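Handing you a structure now.
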Number of protein chains: 10
Amino acid sequence: MSRDDLTALILSAKKAAGLSWQEIADGIGMSPVWLHSAATGMNAFPEDKARAFVALLDLPDAAVAALTESPLKVWSQAVPTDPCVYRLYEIVGVYGPTIKAMINEKFGNGIMSAIDFSMEVDREANPKGDRVRLTISGKYLAYSNW
Amino acid sequence: MSRDDLTALILSAKKAAGLSWQEIADGIGMSPVWLHSAATGMNAFPEDKARAFVALLDLPDAAVAALTESPLKVWSQAVPTDPCVYRLYEIVGVYGPTIKAMINEKFGNGIMSAIDFSMEVDREANPKGDRVRLTISGKYLAYSNW
Amino acid sequence: MSRDDLTALILSAKKAAGLSWQEIADGIGMSPVWLHSAATGMNAFPEDKARAFVALLDLPDAAVAALTESPLKVWSQAVPTDPCVYRLYEIVGVYGPTIKAMINEKFGNGIMSAIDFSMEVDREANPKGDRVRLTISGKYLAYSNW
Amino acid sequence: MSRDDLTALILSAKKAAGLSWQEIADGIGMSPVWLHSAATGMNAFPEDKARAFVALLDLPDAAVAALTESPLKVWSQAVPTDPCVYRLYEIVGVYGPTIKAMINEKFGNGIMSAIDFSMEVDREANPKGDRVRLTISGKYLAYSNW
Amino acid sequence: MSRDDLTALILSAKKAAGLSWQEIADGIGMSPVWLHSAATGMNAFPEDKARAFVALLDLPDAAVAALTESPLKVWSQAVPTDPCVYRLYEIVGVYGPTIKAMINEKFGNGIMSAIDFSMEVDREANPKGDRVRLTISGKYLAYSNW
Amino acid sequence: MSRDDLTALILSAKKAAGLSWQEIADGIGMSPVWLHSAATGMNAFPEDKARAFVALLDLPDAAVAALTESPLKVWSQAVPTDPCVYRLYEIVGVYGPTIKAMINEKFGNGIMSAIDFSMEVDREANPKGDRVRLTISGKYLAYSNW
Amino acid sequence: MSRDDLTALILSAKKAAGLSWQEIADGIGMSPVWLHSAATGMNAFPEDKARAFVALLDLPDAAVAALTESPLKVWSQAVPTDPCVYRLYEIVGVYGPTIKAMINEKFGNGIMSAIDFSMEVDREANPKGDRVRLTISGKYLAYSNW
Amino acid sequence: MSRDDLTALILSAKKAAGLSWQEIADGIGMSPVWLHSAATGMNAFPEDKARAFVALLDLPDAAVAALTESPLKVWSQAVPTDPCVYRLYEIVGVYGPTIKAMINEKFGNGIMSAIDFSMEVDREANPKGDRVRLTISGKYLAYSNW
Amino acid sequence: MSRDDLTALILSAKKAAGLSWQEIADGIGMSPVWLHSAATGMNAFPEDKARAFVALLDLPDAAVAALTESPLKVWSQAVPTDPCVYRLYEIVGVYGPTIKAMINEKFGNGIMSAIDFSMEVDREANPKGDRVRLTISGKYLAYSNW
Amino acid sequence: MSRDDLTALILSAKKAAGLSWQEIADGIGMSPVWLHSAATGMNAFPEDKARAFVALLDLPDAAVAALTESPLKVWSQAVPTDPCVYRLYEIVGVYGPTIKAMINEKFGNGIMSAIDFSMEVDREANPKGDRVRLTISGKYLAYSNW
């Protein structure tokens with residue numbers, strides 16, 4: 001069973017179980033952003049979480065090994081076409097140099113880690129129309145001098 | 001004076017004035033993320049803010065007209081090479097489909113706007129090393145059916 | 001059944017039923033442009049419309065779930081090769097900056113939404129040769145300042 | 001004087017004259033979409049319109065020859081980055097095959113011309129927020145068989 | 001049966017029948033260039049020609065519907081690699097601006113249509129080595145002003 | 001003086017002389033397609049033709065050396081954007097494999113040369129609208145076996 | 001049987017027969033470079049050579065027709081990644097303009113044909129380490145003037 | 001003086017001196033292929049050869065330092081457009097895998113070096129038309145195992 | 001069995017055997033970096049090592065022939081997306097010209113071979129967090145002059 | 001003075017001073033790899049090192065501010081063409097997935113940092129020809145789970 005087949009199996013088991021990503025995440029004690037990315041092959045499960053996930057969705061035991069492997073993270077569109085994903089790409093294009101300038105001003109010569117990293121996606125009520133709030137937290141990493 | 005020349009003039013005036021982006025932003029009553037993007041040609045100033053900015057940095061009056069024009073937002077690297085900006089691109093590549101799934105689950109069939117949008121960059125104290133926190137808020141836009 | 005298989009099934013059911021997109025659209029109470037894009041996986045059906053569509057074309061009930069999911073909108077040709085589609089791309093290349101200038105002049109600093117959006121394709125009788133008329137309507141979105 | 005220099009001169013003369021594209025277009029008896037594209041080097045002026053335009057903006061006489069030449073229409077971004085222009089590109093990506101299907105259904109085996117073509121950009125009042133309306137009209141061209 | 005499968009079937013039926021493209025073209029009363037492009041999915045057959053073609057090559061009746069559909073014209077190599085096709089691409093690269101200048105001089109501000117269009121490929125006897133002659137005829141289309 | 005400067009000088013001398021490409025071509029005894037391509041740096045003049053051309057347009061003598069050099073033929077757009085040039089590219093995309101099949105059928109395993117090559121662009125009168133006729137003649141080159 | 005299947009069959013028959021490309025080439029009276037390229041679908045066999053090849057490797061008779069067809073020469077990597085092939089690409093990048101200058105100096109305004117062409121690959125004994133010697137011979141083709 | 005300026009100066013000094021690359025190469029005791037590539041910035045001169053070259057063409061002494069530096073070898077077209085250079089690229093595309101197979105058969109698991117490398121370009125008399133002969137010699141390098 | 005199938009079989013046999021790459025490498029007397037690259041099709045096994053490897057993992061005998069063939073080394077992402085691999089790409093982008101300058105300074109006009117080459121990956125204990133150490137050793141190759 | 005102008009000034013001052021990168025690095029107490037990358041705009045100097053560097057090469061005082069700014073790290077060739085740099089790119093292509101597998105085996109689910117990072121380039125004496133040794137050390141960063 002390839003990783004893509006496993007992802008398809010997970011999506012279909014989720015639909016059959018009638019669970020949301022939030023509910024599955026709560027069930028195994030992880031956040032829904034992390035859970036979704038790990039379930040779809042963009043992160044590796046720790047073994048206990050893999051076992052809990054497999055139990056919750058009634059997946060075959062063999063899935064544990066696949067879920068705990070470090071995936072090769074691949075995306076094939078250098079510029080994403082889906083409008084929801086493209087808007088994120090656009091934010092990086094428009095505000096990327098600004099974020100760099102802010103990090104330089106507040107921290108010094110370094111970057112925000114995309115590895116020691118977490119993210120939340122929330123719904124923000126607003127009378128003019130509710131808003132999506134992304135909260136991203138990454139460790140500041142200073143460039144080394146040597 | 002081209003927009004690029006104006007940006008160079010702004011950066012040099014800022015250095016001469018010894019002000020941070022935060023201080024300039026406070027001085028004209030805008031957030032530093034917005035201020036930096038507008039100062040470097042990725043957003044347009046409302047006229048009163050342009051006047052305040054020109055006054056604060058002692059720029060020529062002719063800059064007001066240039067600062068209030070809607071810029072053509074252009075970036076030349078489809079995949080950014082600067083490590084600080086690339087990490088943001090990587091987050092979109094790895095977590096883009098996850099963010100879409102979260103929005104679909106919490107809101108329905110739609111996207112987060114990158115136009116009715118704001119962002120903050122903060123320093124988050126942390127004993128294991130301080131963290132960069134990006135808080136992004138964009139209006140939810142539902143796809144129309146017709 | 002993958003989404004591509006479902007699209008193939010829809011095209012073949014449409015041919016068997018001898019219905020045009022206009023007739024199917026009338027039958028379920030949507031416009032033909034929207035109907036075609038949703039049927040071919042570029043938009044999501046509201047549940048009642050999915051049920052009406054499935055009934056009209058005698059598709060399997062399982063199609064309802066697939067038709068109501070938010071699709072990941074993907075196109076693989078950055079520059080389309082089909083002459084009919086390329087002409088539209090060419091119009092964006094030639095007139096894109098002009099449309100931006102017109103929006104700036106009539107509305108201010110903002111854009112036309114491609115999400116809160118509708119389109120019609122009509123036949124316009126003309127003695128020198130009939131014409132295709134595209135009528136596109138998108139909500140004006142002003143850039144935020146913050 | 002290169003065509004780019006001429007465009008810069010036109011933009012600066014327009015600003016000095018305090019005229020909108022609509023007013024200039026009215027002044028020379030053309031539509032504003034066409035006028036803007038011709039003024040910025042994406043269309044060629046007929047000689048009488050070039051003379052009227054040069055007179056209205058008080059441009060040098062030598063500009064007439066440049067304005068009446070068939071320009072080589074060049075854009076350097078296969079995928080445009082400006083959000084206002086990108087949304088148009090996205091519409092072509094999402095709805096291009098749908099527009100083709102509609103043309104096939106209403107006309108037969110052919111395309112909409114991008115040469116025998118006109119476009120209008122209008123402001124549509126709407127209580128939920130005004131809308132941009134693009135009306136595009138292109139001659140239907142049938143593929144030849146031979 | 002996909003369009004690619006149909007193309008394979010046509011090529012194999014042609015081989016079995018021992019007919020050249022010229023002979024098949026003569027048999028159904030079309031030119032060989034058009035016939036080949038339509039048989040390989042780059043043009044749509046009118047219904048009577050599709051029936052004649054199906055009869056001549058003894059193809060299944062179901063092929064008529066597929067052959068009369070407007071194909072989505074797709075090529076995957078922006079720069080073709082086959083030497084025979086590349087030479088044509090090279091001619092466009094070297095002589096494209098020259099052809100534009102000739103059209104501008106002989107006709108005015110417009111283009112040669114690639115839709116209302118025909119082409120012949122002939123063998124030209126020549127004592128220094130026979131030559132390939134391409135004769136391309138496309139309707140002149142003037143750019144509209146509006 | 002760079003080759004680009006020379007081209008600009010030639011275009012301006014041509015305008016000053018009030019000559020068409022056809023007239024200049026007649027004046028030096030070459031065809032207008034060849035003349036235009038050589039004048040704009042895509043072909044090299046034989047020395048006598050270079051002298052005649054320089055004399056006709058009253059160019060500086062130093063131009064003879066530049067005009068007779070083998071130019072490095074460079075085009076920067078893999079896919080041309082100008083509509084007039086793009087239509088030619090489209091013809092190669094749609095009909096390239098067909099032209100190859102015709103050459104294979106009429107000549108054997110080989111190609112049409114783009115070096116031992118000539119082209120004419122003519123105006124073809126037609127009651128339904130005049131047509132552009134391109135006549136391309138290239139020597140057939142058989143692939144060697146060894 | 002597709003051309004790729006045929007290539008796989010040839011490679012496996014060659015392995016089973018325990019023959020080198022040199023031995024097969026000698027067996028059918030062609031050079032090994034040509035033989036390998038024709039066997040792997042980059043050249044077409046004359047019919048007698050195809051028959052000899054099929055007999056030598058005990059391939060099915062149907063292979064003769066496939067081997068004698070003019071293949072569409074396709075490579076999918078514009079820049080090859082295999083180190084052995086990349087070094088050849090690098091030589092073209094570094095020495096391409098030099099080879100052009102040498103041809104211009106020794107022959108005039110023209111090119112080396114890649115069609116009327118042959119190549120040999122030899123092992124050159126050398127005390128500092130043996131060397132690969134490529135000998136490439138292509139007919140000089142002069143650009144036409146017309 | 002940039003390296004590009006130096007190249008322009010060399011080309012102009014060569015023209016003024018009325019020398020061919022062959023004559024300059026003979027004058028400094030190097031081969032013409034190497035000399036041309038070094039003169040145009042694709043190879044570095046040993047100091048004595050740089051001095052001889054500077055003396056022969058009467059270049060400024062400062063050129064010696066520039067000529068002996070290891071240049072960063074850059075070419076901007078991944079696929080070259082000049083027909084003379086493209087034919088070499090095409091040979092790599094068509095025959096690259098064949099050359100690899102020949103090297104594997106004659107030497108083993110390794111490649112031809114493009115660094116310990118030399119090339120000659122010769123004119124080969126031939127009654128059917130003279131031919132260009134490229135002789136390329138590169139050291140065989142075996143892949144290491146470790 | 002294709003090379004990709006063989007790789008899958010190897011990965012699954014490794015998992016079944018419960019061996020690390022280090023253990024397999026020790027078992028056949030090669031380094032783990034080399035072993036992994038050869039096992040996954042990026043290097044060719046010498047025959048004795050192939051036999052030892054096949055025996056150790058209990059693979060079919062037919063695998064020996066496949067493992068000893070010179071593979072065509074192909075990677076499909078010009079810019080890798082996996083964060084672990086991208087960081088290596090980034091190091092080449094940031095430090096590539098620096099490494100060239102160091103080699104020029106310490107050795108002269110030449111390069112580091114990627115063929116006569118070895119690499120080790122080690123874990124370096126460090127109180128601030130352990131470190132990955134890559135030790136790369138490639139033979140210096142001087143550019144030839146001729 | 002732009003950053004590129006500063007780099008040119010540094011290179012010229014270094015040549016005038018007759019110092020190697022090693023000597024300059026020793027003079028300011030940094031390693032030569034880091035020094036070269038910072039001097040050419042790929043790293044930022046701490047202020048004391050910038051002052052030492054400016055003093056050593058007798059650069060203008062204004063250079064200190066430019067040298068201490070966080071540079072936007074940009075490279076324009078996704079695939080580098082210079083042979084010395086390309087070999088490094090090739091190593092990433094061939095061994096990238098292997099390095100990932102080694103890190104996974106020795107450390108777990110994480111990567112090697114390219115920010116908390118250092119590198120040395122050394123000359124390794126070897127009787128078969130000296131070797132370049134790159135020693136790269138980057139902090140192991142584990143992916144977070146949250």
Side-chain angles (χ1 to χ4, degrees), chain E residues 20-22 32-34 36-37 40 42-43 73 75 78-80 82-107 110-114 116-117 119 121-124 126 128-141 143, chain F residues 20-22 32-34 36-37 40 42-43 73 75 78-80 82-107 110-114 116-117 119 121-124 126 128-141 143:
Chain E
S20 66
W21 293 111
Q22 181 71 56
V33 167
W34 182 87
H36 179 277
S37 71
T40 56
M42 280 294 191
N43 269 315
K73 304 183 180 186
W75 54 95
V79 179
D82 183 81
C84 187
V85 183
Y86 181 82
R87 296 307 179 270
L88 303 168
Y89 173 83
E90 188 175 285
I91 291 168
V92 173
V94 174
Y95 294 100
T98 290
I99 295 171
K100 172 172 160 41
M102 294 297 111
I103 291 175
N104 291 162
E105 184 165 306
K106 286 177 199 290
F107 293 84
I111 70 162
M112 179 183 81
S113 179
D116 185 338
F117 165 88
M119 178 166 41
V121 181
D122 293 297
R123 180 168 189 142
E124 202 174 75
N126 188 303
K128 293 187 188 155
D130 285 4
R131 300 177 74 83
V132 180
R133 190 176 58 222
L134 303 183
T135 314
I136 292 172
S137 166
K139 189 178 179 186
Y140 170 69
L141 304 179
Y143 281 111
Chain F
S20 67
W21 293 111
Q22 182 70 56
V33 166
W34 181 88
H36 179 277
S37 71
T40 56
M42 280 295 189
N43 268 315
K73 302 182 182 187
W75 55 94
V79 178
D82 183 81
C84 188
V85 183
Y86 182 81
R87 296 308 179 271
L88 303 168
Y89 173 82
E90 187 175 283
I91 290 168
V92 173
V94 174
Y95 293 100
T98 291
I99 295 172
K100 172 172 162 38
M102 295 297 111
I103 292 174
N104 291 164
E105 184 166 305
K106 286 176 199 289
F107 293 84
I111 71 162
M112 179 183 81
S113 179
D116 187 337
F117 165 88
M119 178 167 41
V121 181
D122 294 298
R123 180 168 189 143
E124 205 174 73
N126 188 303
K128 292 187 190 156
D130 285 5
R131 300 178 73 83
V132 181
R133 189 176 58 221
L134 303 183
T135 314
I136 293 172
S137 166
K139 191 179 179 185
Y140 171 70
L141 303 179
Y143 281 110

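In this text, all values refer to a predicted model and were calculated from it rather than measured experimentally. Letters go in sequence order (proteins before strands), and every chain restarts at 1.
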Next item on the list: Could you tell me which of F/R87, F/K128, F/K139 has the largest number of non-hydrogen atom pairs under 4.5 Å with chain E?
Entry: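 Option with the top pair count is F/K139.
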
Next item on the list: Go through F/I91, F/I103, F/L141, F/N43 and name the one with the most non-hydrogen pairs under 4.5 angstrom from chain E.
Entry: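 Winner by heavy-atom pair count: F/I91.
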
Next item on the list: Report the option among F/V92, F/L134, F/L88, F/D122 that has the most heavy-atom pairs separated by less than 4.5 Å from atoms of chain E.
Entry: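 The option with the most such pairs is F/L134.
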
Note to self: Please rank F/T135, F/V94, F/N104 by heavy-atom pairs under 4.5 Å with chain E and give me the top one.
What the structure shows: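 Answer, by heavy-atom pair count under 4.5 Å with chain E: F/V94.
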
Checklist line | Donor-acceptor pair between E/R133 and F/S137 side chains, under 3.5 angstrom | finding: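 No donor-acceptor contact under 3.5 Å links the two side chains.
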
Notebook entry, point to check: In terms of heavy-atom proximity below 4.5 Å to chain E, should F/E105 be classed as side chain, backbone, both, or neither?
Noted result: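 It is the side chain, since no backbone atom gets that close.
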
Checklist line | Taking every non-hydrogen atom, the tightest pair across E/G110 and F/C84 | finding: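 Of all heavy-atom pairs spanning E/G110 and F/C84, the closest is O-SG, 4.1 Å.
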
Next item on the list: Go through F/A114, F/G93, F/S37, F/G96 and name the one with the most non-hydrogen pairs under 4.5 angstrom from chain E.
Entry: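 Top option by heavy-atom pairs under 4.5 Å: F/G93.
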
Notebook entry, point to check: Roughly how far, to the nearest 0.5 Å, is the CD1 atom of F/I136 from the CD1 atom of E/I99?
Noted result: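 Interatomic distance, E/I99 CD1 to F/I136 CD1, rounded to 0.5 Å: 6.0 Å.
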
Next item on the list: Identify which of E/G129, E/S113, E/P32 forms the greatest number of heavy-atom pairs closer than 4.5 Å to chain F.
Entry: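 Maximum pair count with chain F is reached by E/P32.
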
Note to self: If you apply the rule side-chain contact (heavy atoms from CB on, under 4.5 Å), what do you find for E/D82 with F/K100, and how did you get there?
What the structure shows: CA-CA 9 Å; E/D82 183 81; F/K100 172 172 162 38; 3.5 Å; yes

Checklist line | Largest heavy-atom contact set with chain E, pairs under 4.5 Å, which of F/W34, F/Y140, F/Y95 | finding: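 The residue among F/W34, F/Y140, F/Y95 with the greatest pair count is F/Y95.
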
Margin query: Heavy-atom cut-off 4.5 Å, strictly under: side chain, backbone, both or neither for F/N126 against chain E?
Written below: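 No part of it gets close to chain E.
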
Next item on the list: Below 4.5 Å from any heavy atom of chain E, which atoms of F/F117 appear? Answer side chain, backbone, both or neither.
Entry: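 For F/F117, the contact with chain E is made by backbone and side chain together.
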
Checklist line | Heavy-atom closest contact (E/Y89 atom, F/A78 atom, distance) | finding: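 In this case the closest contact between E/Y89 and F/A78 is OH-O, 2.7 Å.
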
Notebook entry, point to check: CZ of F/R123 to CE of E/M102: how many Å apart, nearest 0.5 Å?
Noted result: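 Separation between the atoms: 14.5 Å.
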
Notebook entry, point to check: Among F/H36, F/M42, F/M119, which one satisfies side chain to side chain contact (heavy atoms under 4.5 Å, CB included) with E/T98?
Noted result: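 Single side chain to side chain contact (heavy atoms under 4.5 Å, CB included) partner of E/T98 among F/H36, F/M42, F/M119: F/H36.
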
Next item on the list: Could you tell me which non-hydrogen atom of F/V121 sits nearest to which non-hydrogen atom of E/K106, and how far apart they are?
Entry: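 Distance-wise, the nearest heavy atoms are O-CE, 2.9 Å.
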
Margin query: Can you tell me which of E/M112, E/R131, E/E124 forms the most heavy-atom pairs within a distance under 4.5 Å of chain F?
Written below: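 It is E/R131.
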
Item checked: CH2-CD distance between E/W75 and F/E90, expressed to the nearest 0.5 angstrom ->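 One gets 5.0 Å once the value is rounded to the nearest 0.5 Å.
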
